[in-house]
Protein chains: 2
Amino acid sequence: MVAIESSGTRGRRRSFDMDEAVETAMKLFHARGYDAVGVAELGAELGIKPPSFYAAFGSKAGLFERALQRYAAGEANIFARAQADGGGVVEVIERTLLLAARLYPERNGVAGCLVLDGARNSADPEARALTAALRKASVSAICAFIAGEEPERAGALAEFVMIAMMGMSAAARDGADETALTAFAEMAARAFRRELAAEG
Amino acid sequence: MVAIESSGTRGRRRSFDMDEAVETAMKLFHARGYDAVGVAELGAELGIKPPSFYAAFGSKAGLFERALQRYAAGEANIFARAQADGGGVVEVIERTLLLAARLYPERNGVAGCLVLDGARNSADPEARALTAALRKASVSAICAFIAGEEPERAGALAEFVMIAMMGMSAAARDGADETALTAFAEMAARAFRRELAAEG
DNA sequence: GAGAAAATGTAGTGACCGCTATATAAATTC
DNA sequence: GAATTTATATAGCGGTCACTACATTTTCTC
């Protein structure tokens, strides 16, 4: 018999698509937060039963980690996108803030940032640690970038940007629309520009 | 028999102090969020068993509502405190932001604002609605105050303050200390001052 | 004291939590 | 085909969730 589709690995083939499952889980976690999405619901939504779930992802936190990786690697990595378009510190930070204002408002039940708010108030230390690590990496990247022009105040300025993003994410999850967030982002961007210009 | 302490109402007297119980519940909800604090833990911490709990508060959300009222009526009502000290819009808003930076950092396991983050990601719509109502009242109060000097842009400016507070609360819950929050608050206050001064 | 009213303690409700033991089905290599 | 490997389905684990039925104790009014 000729194998129609040989995968090279033996054993029964997975009956569901991993990427698709992680994508679905990502949306669910993003929409309602880590704790509010149960394994039973994930299994039902993904079309897989508990044993397959745990064979594939190890645990609920394991799937959350994959969802976070997918999130951070995609278009939700706002600072990376803003940085990719080039320009100086002021331009990139302004683009970062405005992009957040455009991406955070609710769309299909999803609002804010998964990294900033996905595990907020979670009772699971593992889930909190996963998002915390990504936040730390994010603020470090922003800090390093700013340090290229302003090494002295890079830390405080990066913190300013991060806290502003946290505010926008929280506000978006509380229902703020793009207009409101953009108004905030523009004020924050002006503030950043002026802080950088002062005694620079 | 002479009644040693007649309460005027008949029936067995409550064996615990209501205010004390609400205070304890407030701290627990504030520290870990609404969903992460169970009725069993509340009962154990408050020293009351389920039937007394439900007789006194009606439900877990009922106790949360009392905790929120206590919180909003106390020293955590930052804007009210800043406003009470008098001064113009710029002074009051600056005081508000700086007071938040001083109050939000972790102290005894409690960080950030109960109204802003106490029910974040909660699966209970009632708990979310309770905090949402207080947020709405807060931003309305700030807006009305700003409108006294700047009726045109009061809405956007109040939103700016609110979103900045949300950012500080979230950052505090993620571990930001007073130094970091104060740096942010000062930048936000300068931004507010300049926005108000521009074409005012 | 009798009766009513309010709070209490004991015990347990059904539902959901994340997770797993066990057996079976489907794919491989030999 | 036999052995191995992987994924599947069925069923259920102990634990916690918010909440309650029921009987008892305490305190009131009369």
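Residue numbers start from 1 in every chain, and the chains themselves are labelled A, B, ... in the order their sequence lines are given, proteins ahead of strands. Below, all heavy atoms of this structure are taken into account, side chains as well, without hydrogens, waters or symmetry copies. As the structure is a prediction and not an experimental result, all values here were calculated from the model.
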Look for any protein N or O under 3.5 Å of an N or O in nucleotides 21-24 of chain D and output each such pair with its distance, or none.
none

Original post:
In whole angstroms, how far is the P atom of D/dT20 from the CD1 atom of B/I48?
Top reply: 15 Å

**OP:** Consider only side-chain heavy atoms of I, L, V, M, F, W and Y, link residues closer than 4.5 Å, and tell whether B/L114 and B/Y104 are in one cluster.
**Re:** no

**OP:** Establish, with yes or no, whether the OP1 or OP2 oxygen of C/dA7 is under 4.0 angstrom from a side-chain nitrogen or oxygen of B/S52.
**Re:** no

Original post:
Would A/R120 and B/D174 pass as an ion pair if we require N to O under 4.0 Å?
Top reply: yes

Subject >> Atom-pair distance (CD on B/E41; P on D/dG15), nearest Å >> reply: 18 Å

Original post:
A/E126 CD to C/dG18 P: how many Å, rounded?
Top reply: 13 Å

Original post:
Under 30°, 30 to 60°, or over 60°: which ring-plane class applies to A/H30 and A/Y71, parallel, tilted or perpendicular?
Top reply: perpendicular

Original post:
With respect to the phosphate group of D/dA7, does any side-chain polar atom (N or O) of A/S15 fall under 4.0 Å of OP1 or OP2?
Top reply: no

**OP:** State plainly whether the residues B/E23 and B/K27 are in salt-bridge range, i.e. N to O under 4.0 Å.
**Re:** yes

Original post:
More than 12 heavy atoms of other residues, nucleotides or ligands under 6.0 Å from CG of A/D85: is that the case?
Top reply: yes

Subject >> For atom NZ of A/K60 and atom P of C/dT20, their distance in whole Å >> reply: 15 Å

Original post:
Heavy atoms, side chains only, cut-off 4.5 Å: are A/E159 and B/F184 in contact?
Top reply: no

**OP:** May I ask you to check whether B/F79 and B/F145 place their ring centres under 6.0 Å from each other?
**Re:** yes

Subject >> Between C/dA7 (P) and B/M18 (CE): distance, integer Å >> reply: 9 Å

Original post:
Closest nucleotide of DNA chain C for B/P50 versus for B/R14: which of these residues is on the 5' side?
Top reply: B/R14

**OP:** For atom CZ of A/R102, decide whether the heavy atoms of other residues, nucleotides or ligands shown that lie under 6.0 angstrom number more than 12.
**Re:** no

Subject >> Distance in angstrom units between B/F16 CZ and D/dT26 P, rounded >> reply: 17 Å

Using atom names, set out every protein N or O paired with an N or O of nucleotides 1-3 of chain D below 3.5 Å, distance rounded to 0.1 Å.
none

Subject >> Interatomic distance, B/R13 CZ vs C/dG9 P [rounded to whole Å] >> reply: 16 Å

Original post:
Taking atom C1' of C/dA6 as reference, at what distance in whole Å does atom OH of B/Y54 sit?
Top reply: 19 Å

Original post:
For the residue pair A/F57 and A/F16, does the interplanar ring angle fall in the parallel (under 30°), tilted (30 to 60°) or perpendicular (over 60°) class?
Top reply: tilted

